Amino acid sequence: MQATTHTIPHVGAHEAHHEEGGFLRKYIFSTDHKIIGLQYGLTSLCFLLFGFFLMLCMRWQIAHPGQAMPLVGSLLANLLGDVAAKGVMSPDLYNSFGAMHGTIMVFLAIVPLAFGAFGNYVVPLQIGAPDMAFPRVNMASYQFYVLGGIIMFVSFFIPGGAAQAGWTSYSPLATSIPTHGQVFWLIGMVCLINSSLLGAVNFIATIIQLRAPGMTWMRLPFFVWAQFVTAFLLLLAFPPLEAAGVMQLMDNLFGTSFFLPTGLAVGGKLADISGGGSPLLWQHLFWFLGHPEVYVLILPAMGIVCEILANNTRKPIWGYKSLVFSALAIGFLSFIVWAHHMYLTGMGTAISAFFQTTTMIISIPSVILLTCFFISLWGGSIRFNTPMLFVLAFLPMFGIGGLTGLPLGLAAADLHLHDTYYVIAHFHYVVAPGTIFAMFAGVYYWYPKMTGRMMNEFWGRVHFVGSFIFMNLVFQPMFAQGMAGMIRRMADGGANYSAAHNPGAIGGLSGSIMSMHTVILWGAAGLALSQIPFIVNVFYSIKNGRKVTSDNPWDATTLEWQTPTPPPHGNFAHAPTVHRGPYEYSVPGAAKDFTPQNQA
């Protein structure tokens, strides 16, 4: 079968195959994987914006403790009551914002964007499938996700406010805080976990069963491999956390003591509980999901980076099989490293040595992935468009995040760095200028396939430059603060432990370390302003962006660019047959510098 590039009017021939029905049936209760992908994308971007707003409020409180928040202070006071009296964030509200910022960013924003949005839209197209294997299960997955998000959001407005026990919801703190916010958090998490499990089963079945003729395993684009491994991580790691969530819910509502120990004292008094539970059991069950979750965040990002890197270097990706087997190795190893989050719980030296060893080992496939990407740049005819700029920034930023994690994997260093700002900086370098930059790259790259129009290149570059500068301005100082001993989760940013408040104390936080909070605040404000061009660009370009002149505006090789634009219901005008690998760029003797997978 010869590769074909369909012209835009060709879409009209497929209108009869679209789902019939009104707006609700077509866009709200759709079973089409592309509509569901867009639903995930828009919803997760809204939660991303909300989680970012919570962070801005927290950074103001940290930099200016006890002062009224500008612009939004009076609004929060009216909406939330005493916890934001006179526009000043109370410590309880700070704890709520901290817990919900982490929860929203991980479970409601980045994972749904990386796995639910890009995975749903792109994976069936890249493997030549007409849809996901179970379209109604796909719709149910999104509906569970929205339900979980609504429950989380509503918890801000109940008496006592939202959850305050951090995004990790450690027991016994999560049970002893006098608010029902934790109950809402747990119910919301159960909905989100169900959403992820339904999605994971669907992705695994789709990739195994619905590949086009000729699409062998080693002809799959690396993005599909990344989503495949991610689906297994979700499928295997989330059930223990769901069981733990139900048990903690019973501790909160029905008087059980799964995670509540005998002799627990709250407020100076023995708690009226049966006791006998284990707080450490919750930590084990949480981090058994928590560390694979890191790779749930990063593997889809790696897949996006691979697609854009190969396309914009105009050469095959270097070490394709190394990438695949490294992703599989990460998937396996991620289940035997979780307790490096728990060195300070008093674990024995033997088990500590085991988890230190596995933590060092799992860095090897991550380094292989990054090395393959860097080597792929060598000798390439690089196109510096907006998607590529975000990809090029991703590589060193993820490298910083990964390398700064190595000291945390060693018990001796973690003893000093645990729960400091160093940990915040490390994790956010992996997820913010790492994963989120890859998500931005993916939006700019696949936007013309989704809409038939290009996003504005100039404003894309403005968005990139502002995001790159201010992202580093926010997180780079945190490494210094952490190494100076600044503890996280303090509503006053450590002011009570500063040298200014304790002039005679040894080891008080210096004025220069404390002043970094102001730098970070202004960096966060600049980062917020830098997102305005992106938001405007996304919506303005839907109607006013430059129209694409073919279905393959990037001259790419993978199957999603061989469909009409936007892809109709059923995706392909003719069932594709795959004849070659996913990254055959600049093949010697070829008429063009790209050879699509379905070209014989």
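Not measured: the values here are computed from a predicted model.
Classified by interplanar angle (parallel below 30°, tilted 30° to 60°, perpendicular above 60°), the ring pair Phe222/Phe373 is perpendicular.
When only modelled atom types and interatomic distance are considered, Glu307 and Tyr583 share a side-chain donor-acceptor pair under 3.5 Å. Side-chain contact, Trp446 with Glu560: a donor N or O sits under 3.5 Å from an acceptor N or O.
For Phe153, the side chain to side chain contact (heavy atoms under 4.5 Å, CB included) criterion is met by Phe50, Phe157, not counting sequence neighbours. In this structure Ser541 satisfies the side chain to side chain donor-acceptor pair (under 3.5 Å) test together with Asn537, sequence neighbours excluded. When the side chain to side chain donor-acceptor pair (under 3.5 Å) test is applied to Thr43, the partners found at least two apart in sequence or on another chain are Tyr142. Residues satisfying the side chain to side chain donor-acceptor pair (under 3.5 Å) criterion with Lys315, sequence neighbours excluded, are absent altogether. Applying the salt bridge (charged side-chain N to carboxylate O under 4.0 Å, His left out) criterion to Arg136, with sequence neighbours excluded, gives no partner residue. For Trp338, the side chain to side chain donor-acceptor pair (under 3.5 Å) partners at least two apart in sequence or on another chain are His284.
Checking side-chain atoms of Asn571 against main-chain N and O of Pro130 turns up a donor-acceptor pair under 3.5 Å. Side-chain N or O atoms of Arg219 include none that pairs as donor or acceptor with a backbone N or O of Met215 at under 3.5 Å. Side-chain atoms of Ser334 come within 3.5 Å of backbone atoms of Gly331 as a donor-acceptor pair (strictly under, hydrogens ignored). Not a single donor-acceptor pair under 3.5 Å links the side chain of Ser141 to the backbone N or O of Val137. A donor-acceptor distance shorter than 3.5 angstrom exists from the side chain of Thr358 to the backbone of Ile336, with no hydrogens or angles considered. A donor-acceptor pair under 3.5 Å is absent between the side-chain atoms of Ser467 and the main chain of Phe464, judged by distance alone. No donor-acceptor distance shorter than 3.5 angstrom exists from the side chain of Lys34 to the backbone of Leu125, with no hydrogens or angles considered.
Between Met455 and Val538 there is a side-chain heavy-atom pair separated by less than 4.5 Å. Counting only heavy atoms from C-beta outward, the side chains of Tyr429 and Met478 never approach each other to under 4.5 Å. Using a 4.5 Å heavy-atom threshold, the side chains of Ile308 and Tyr444 count as separate.
Around CZ of Phe374, the count of heavy atoms belonging to other residues, nucleotides or ligands within 6.0 Å exceeds 12. Few gaps surround CZ on Phe52; more than 12 heavy atoms of other groups in view lie less than 6.0 Å from it.
When each of Arg314, Glu584, Gln599 is paired with Phe594, the side-chain contact (heavy atoms from CB on, under 4.5 Å) condition holds for Arg314 and for no other.
Screening residues 100-111 for salt bridge (Lys or Arg N to Asp or Glu O under 4.0 Å) gives no qualifying pairs among residues at least two apart or on separate chains. Residue pairs meeting the side chain to side chain donor-acceptor pair (under 3.5 Å) criterion with at least one member in residues 198-208, sequence neighbours excluded, do not occur. Annotation: side chain to side chain donor-acceptor pair (under 3.5 Å) contacts involving residues 223-245, sequence neighbours excluded, comprise Trp225-Tyr320. The list of ring-ring contact (aromatic ring centres under 6.0 Å, His included) pairs with a residue in residues 290-314, not counting sequence neighbours, reads His291-Tyr295, His291-His340, His291-His341.
Between Phe335 and Phe288, the gap from one ring centroid to the other is short of 6.0 Å. For Phe355 and Trp287, the ring centers sit 6.0 Å or farther from each other.
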Please table the atom pairs, donor to acceptor, closer than 3.5 Å between any side-chain atom in residues 103-116 and protein atoms at least two apart or in another chain.
| unit_1 | atom_1 | unit_2 | atom_2 | d |
| --- | --- | --- | --- | --- |
| Thr103 | OG1 | Ala99 | O | 2.9 |
| Thr103 | OG1 | Trp185 | NE1 | 2.9 |

Please tabulate, for side-chain N and O atoms in residues 379-399, each donor-acceptor pair with protein atoms closer than 3.5 Å (sequence neighbours left out).
| unit_1 | atom_1 | unit_2 | atom_2 | d |
| --- | --- | --- | --- | --- |
| Arg383 | NE | Asn312 | OD1 | 3.2 |
| Arg383 | NH2 | Asn311 | O | 3.4 |
| Arg383 | NH2 | Asn311 | OD1 | 2.7 |
| Arg383 | NH2 | Asn312 | OD1 | 3.4 |
| Arg383 | NH2 | Trp554 | O | 2.9 |
| Asn385 | OD1 | Met388 | N | 3.1 |
| Asn385 | ND2 | Asn312 | OD1 | 2.7 |
| Thr386 | OG1 | Glu457 | OE1 | 3.4 |
| Thr386 | OG1 | Glu457 | OE2 | 3.0 |

Checklist entry - Could you walk me through whether Trp167 and Phe286 pass the ring pair (Phe, Tyr, Trp, His ring centres under 6.0 Å) check? => result CA-CA 10 Å; Trp167 79 283; Phe286 181 88; 5.3 Å; yes
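Interatomic distance, CD1 of Ile400 versus NE2 of His426, reported as 12.5 Å (0.5 Å rounding). For the atom pair CD (Gln597) and OG1 (Thr595), the distance works out to 11.0 Å, reported to the nearest 0.5 Å. Of the inter-residue distances, the one linking Asp551 atom CG with Thr565 atom OG1 reads 3.5 Å to the nearest 0.5 angstrom. To the nearest 0.5 Å, the span separating NE2 on His428 from CD1 on Ile436 amounts to 8.0 Å. The distance from the OG atom of Ser366 to the CG atom of Leu403 is 10.5 Å, given to the nearest 0.5 Å.
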